Amino acid sequence: MKITLKDGSVKEYDSAKSIYEIALDISEGLARNACAGEVNGEIKDLRTELNEDCELNIVTNNTPEGLRVIRHTCSHVMAEAVKRLFPNAKITIGPAIDDGFYYDFDSDPFSREDLDKIEDEMKKIIKEGNELKRFTLPREEAIKFMEEKGEPYKVELIKDLPEGSEISFYDQGGFVDLCAGPHLMNTKGIKAFKLTSSSMAYWRGDSNKARLQRIYGSAFSNKDDLKAYLAHLEDIKMRDHNKLGREMKLFLTADVIGQGLPLFTPKGTKMIMKLQRWIEDLEDNEWGYVRTRTPLMAKSDLYKISGHWDHYMDGMFILNKDEAEGKEIMALRPMTCPFQYYVYMNDQKSYRDLPYRMSETSTLFRNEDSGEMHGLTRVRQFTITEGHIVLRPDQTEEELTRCVELCNYVMKTLGVEGDVTYRLSKWDPNNKEKYLGDESYWNQSQQYLRDVMEKNGITYSEADGEAAFYGPKIDIQAKNVYGKEDTMITIQLDCEAASKFGMYYIDENGNKATPYIIHRTSMGCYERTLAWLIEHYAGKFPTWMCAEQVRVLPISEKYADYAEQVAAKLKKAKVDVTVDNRSEKIGYKIREARLDRLPYWLIVGEKEAADGTVSVSSRFEGPEGTKSLDDFISQITEEIENKVIREEVKKEEEKQ
RNA sequence: GCUGAAAUAGCUCAGUCGGUAGAGCACUUCACUCGUAAUGAAGGGGUCGUGGGUUCGAGUCCCAUUUUCAGCUCCA
């Protein structure tokens with residue numbers, strides 16, 4: 001038989017050979033690092049006997065596929081350790097996942113101490129170095145085998161497999177698990193692992209079925225990679241906006257105020273206001289928007305016209321439910337659309353008036369499920385840069401393109417354009433009653449969005465069932481530090497709303513015509529954007545968006561007056577500046593300025609006060625030398641006005 | 001919403017068998033008047049998330065509730 005290897009070379013053998021033997025034949029080192037074999041594109045166990053011509057790629061332990069094999073084997077080792085320590089635990093399933101593995105057990109909850117004990121037991125098992133041996137049983141015998149072992153979940157899994165099939169098992173020296181593989185040859189192949197957490201999970205993900213205990217862990221081919229992974233997990237925790245944002249005193253929550261209702265401190269508010277003022281000016285002065293200011297609540301009648309009453313009732317806060325008493329039902333708004341429609345309809349529009357672009361810094365209320373709330377990314381009240389563009393159908397492509405361009409400009413200025421992916425959010429054709437409009441409406445409007453992205457060379461994915469109930473969306477998605485994806489910006493096309501509200505314009509022939517509407521955001525909601533910025537910059541924001549841009553540090557109280565003069569001049573130049581006039585040593589003040597992640601701090605003492613200068617230090621370069629105050633002011637105002645994103649000092653790490 | 005874990009000073013946390021609350025940082029005051037990542041001393045600060053219950057006695061045990069975190073997508 002001829003084995004064609006990945007590099008194109010060919011090995012010939014007279015008799016059947018296992019993948020492991022072939023790896024050994026090529027080189028001992030390769031065999032030592034081999035995890036599996038890719039045979040004609042399919043991942044196979046190292047034990048697999050090859051007996052006919054094929055293409056073979058030996059999968060080694062530093063590849064993603066190899067790591068999956070290591071992690072899957074590690075999950076079996078963990079299951080064995082759990083069975084040794086907790087004989088009553090029932091095993092269920094234990095797959096490898098993106099960055100590790102888990103195994104679900106039917107048992108009592110595991111504490112961190114339990115996890116440590118399990119880790120120790122796993123180390124013993126790995127040291128024992130048992131071979132993993134694969135064997136198969138006919139389905140009926142396999143069921144009997146697992147019944148005798150007292151593993152009802154495994155029995156259930158086997159019963160789901162087709163009758164007459166051969167069921168594979170792996171025996172790692174006493175502990176036998178039902179498994180399709182592939183696995184390492186020996187438990188010794190696990191060089192580095194860590195159990196990270198435990199949580200609850202349902203049998204087969206069904207909340208009506210048994211509650212299981214899931215243990216998460218990860219494994220690597222060497223200790224350095226594990227160390228780097230654990231350091232990465234620590235870094236993630238440090239960046240987590242929900243922790244860092246509170247630590248930096250940007251926002252807080254209060255039990256008595258309620259879930260999903262964050263409060264912004266002066267510092268957090270200042271940052272949001274900088275973003276808001278920038279966006280409002282940008283839209284109004286450069287992108288042709290007009291600004292509206294509309295109510296935060298309305299009668300239910302409005303939402304009945306818009307369709308929210310039928311399609312979004314669960315997501316709304318209803319203020320007054322006693323209709324029987326003849327009172328009007330009011331609801332807080334979950335969106336701005338119909339309010340702005342009435343602004344549009346206030347006077348008659350000509351085709352020349354379109355596109356009519358309205359924007360509003362709009363506070364919205366959505367009654368999210370209690371378990372869905374998270375930090376600033378999922379809240380019940382939020383403020384969004386929301387706008388609606390009323391346009392003629394022939395303007396659709398141009399206007400959608402402009403929306404995408406504005407978003408790109410905003411993300412580029414925020415410095416986060418590399419974080420995002422585009423998604424075409426479509427309706428769910430199998431669940432039509434959730435949506436307004438028929439199949440041809442959806443196909444057509446989805447095609448509009450697809451065309452715009454393709455013409456603009458945007459790479460995007462498509463997702464069913466992610467559309468708004470009234471139309472498809474271009475969603476600009478970003479992941480948080482834990483890899484969870486959220487929509488940051490959305491652009492939606494709506495060809496139906498106008499006729500429902502009786503919106504029209506007068507066309508060139510003097511006839512009433514129905515416009516299209518684009519629902520869009522330019523920066524999404526401020527809460528979520530702030531969270532994104534905190535995590536992206538790990539709190540080290542570009543100077544222009546910092547709440548405190550400069551701090552003046554007098555060497556001693558003798559120079560307090562000069563420090564105040566410096567600050568006053570900076571304030572006049574619209575720089576956000578404070579003075580640290582405490583009677584502390586300069587080293588102490590510098591340390592605090594650094595820990596507060598300030599862009600700049602100015603040290604002033606005898607020399608500076610005499611010359612009218614400042615000694616500039618920054619987060620970006622460390623000491624930048626002594627400059628005249630005027631020079632520094634022109635430097636920093638230029639940086640702020642142009643929204644420059646200076647690069648951080650690489651070597652500088654926070655000490656704690 | 002469901003399941004699990006957690007909640008003690010502004011923050012991070014300790015608090016053993018149920019016996020009346022503790023550290024570091026921060027804060028205040030005083031001394032020091034300092035040149036690029038922590039000066040020293042003293043002091044103030046707590047209905048132990050909230051409401052019930054058990055007990056002679058509850059931060060600790062039980063029940064409810066609020067809030068926070070994790071998971072609820074990965075299927076031998």
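Note that the coordinates shown come from a computational prediction; the quantities given were computed from them, not determined experimentally. Below, read A as the first sequence line, B as the second, and so on, with proteins coming before strands; counting in each chain starts at 1. Just so it is clear, the values below take in all heavy atoms, side chains as well, and ignore hydrogens, waters and symmetry mates.
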Pairing partner of rG46(B), by Watson-Crick or G-U wobble and under 3.5 Å for both distances, is none
When rounded to the nearest Å, what value does the distance between C1' atoms of rG15(B) and rA23(B) take? 11 Å
Which is it for F541(A) and Q549(A) under the side-chain contact (heavy atoms from CB on, under 4.5 Å) test, yes or no, and what are the steps along the way? CA-CA 10 Å; F541(A) 307 108; Q549(A) 294 161 325; over 6 Å; no
Pick the C1' atom in rG10(B) and in rG49(B), then give their distance to the nearest Å. 16 Å
When rounded to whole Å, the CD to C1' distance for the pair E372(A) and rU3(B) reads 14 Å
When you compare rC13(B) with rC17(B), how far apart are their P atoms, in angstrom units rounded to a whole number?
22 Å
- [ ] Check every strand shown and say whether L161(A) touches a base, only sugar-phosphate, or nothing at a heavy-atom separation below 4.0 Å.
- [x] base
In whole angstroms, the gap separating P of rA76(B) from OH of Y103(A) amounts to 10 Å
| task | Determine the Euclidean distance between corresponding P atoms of rG53(B) and rA58(B); express it in Å to zero decimal places. | result | 12 Å
Which part of the nucleic acid does R582(A) contact within heavy-atom distance under 4.0 Å: base, sugar-phosphate only, or nothing? sugar-phosphate
| query | Mind checking whether Y103(A) and F101(A) have ring centres under 6.0 Å apart? | reply | no
Using a cutoff of under 3.5 Å, can you pull out all pairs of nitrogen or oxygen atoms linking the protein to nucleotides 63-67 of chain B, with atom names and distances?
| unit_1 | atom_1 | unit_2 | atom_2 | d |
| --- | --- | --- | --- | --- |
| rU67(B) | O2' | D255(A) | OD1 | 2.7 |

Checking all strands, does G625(A) fall into the base, sugar-phosphate, or nothing category for heavy-atom contacts under 4.0 angstrom?
-> nothing
- Message: Quiz question: by atom type and distance under 3.5 Å, do the side chains of T613(A) and E608(A) form a donor-acceptor pair?
- Response: no
Scanning all shown strands, the Watson-Crick or wobble mate of rA23(B) with both distances under 3.5 Å is rU12(B)
Separation of rU68(B) atom C1' from L261(A) atom CG, nearest Å, is 14 Å
May I ask you to say what I167(A) touches in the nucleic acid, namely base, sugar-phosphate or nothing, with a heavy-atom cut-off under 4.0 Å?
base
T253(A)-R246(A) side chain donor-acceptor pair, cut-off 3.5 Å: yes
### Message
Taking rA14(B) as the reference, what is the distance to rA6(B) when you measure between their P atoms (whole Å, please)?
### Response
12 Å
Quiz item: Under a 4.5 Å cut-off applied to non-hydrogen side-chain atoms, are L598(A) and V550(A) in contact?
Solution: no
Each nucleotide of nucleotides 31-36 of chain B classed B (base within 4.0 Å of a protein heavy atom), S (only sugar-phosphate) or -, in 5' to 3' order, makes -BBBBB
Base orientation of rC72(B), chi within 90° of 0 counted as syn, else anti, reads anti
E368(A) atom CD is separated from rC2(B) atom C1', nearest whole Å, by 17 Å
Residues 170-184 of chain A vs salt bridge (Lys or Arg N to Asp or Glu O under 4.0 Å), sequence neighbours excluded, gives K154(A)-D177(A)
note: M248(A), atom CE; rA26(B), atom C1'; distance rounded to Å ~ 17 Å
Separation of rU68(B) atom P from F251(A) atom CZ, nearest Å, is 10 Å
Scanning all shown strands, the Watson-Crick or wobble mate of rA7(B) with both distances under 3.5 Å is rU66(B)
Review point. Distance between the C1' atoms of rC11(B) and rA7(B), in whole angstroms?
Key: 15 Å
Only residue of K144(A), K90(A), K83(A) satisfying salt bridge (charged side-chain N to carboxylate O under 4.0 Å, His left out) with E151(A) is K83(A)
Ranking rC74(B), rC69(B), rC72(B) by distance to the side chain of H374(A), first place goes to rC69(B)
Under a 3.5 Å limit on both distances, the Watson-Crick or wobble mate of rA37(B) is none
Re rC2(B): Watson-Crick or G-U wobble partner, both distances kept under 3.5 Å, found to be rG71(B)
In short, side chain to side chain donor-acceptor pair (under 3.5 Å) pairs touching residues 308-319 of chain A with sequence neighbours left out are S306(A)-H308(A)
Quiz item: Is R71(A) positioned over the aromatic face of F193(A), cation under 6.0 angstrom from the ring centre and no more than 45 degrees off axis?
Solution: no
Those residues at least two apart in sequence (or on a different chain) that pass salt bridge (Lys or Arg N to Asp or Glu O under 4.0 Å) with E548(A) are R551(A)
Expressed as a whole number of Å, how far does the C1' atom of rG44(B) sit from that of rC34(B)?
-> 28 Å
Atom CZ of R378(A) and atom P of rC69(B) are separated, to the nearest Å, by 13 Å
Across all chains, not counting sequence neighbours, the side-chain contact (heavy atoms from CB on, under 4.5 Å) partners of S617(A) are W601(A), P623(A)
*Does atom NZ of K585(A) have more than 12 heavy-atom neighbours, drawn from other residues, nucleotides or ligands, at distances under 6.0 Å?*
no
| message | Does Y216(A) reach a base, just sugar-phosphate, or nothing at all? Heavy atoms under 4.0 Å. | response | sugar-phosphate
note: M373(A), atom CE; rC2(B), atom P; distance rounded to Å ~ 13 Å
**Span that lies between the P atom of rG19(B) and that of rC62(B), in whole angstrom** = 15 Å
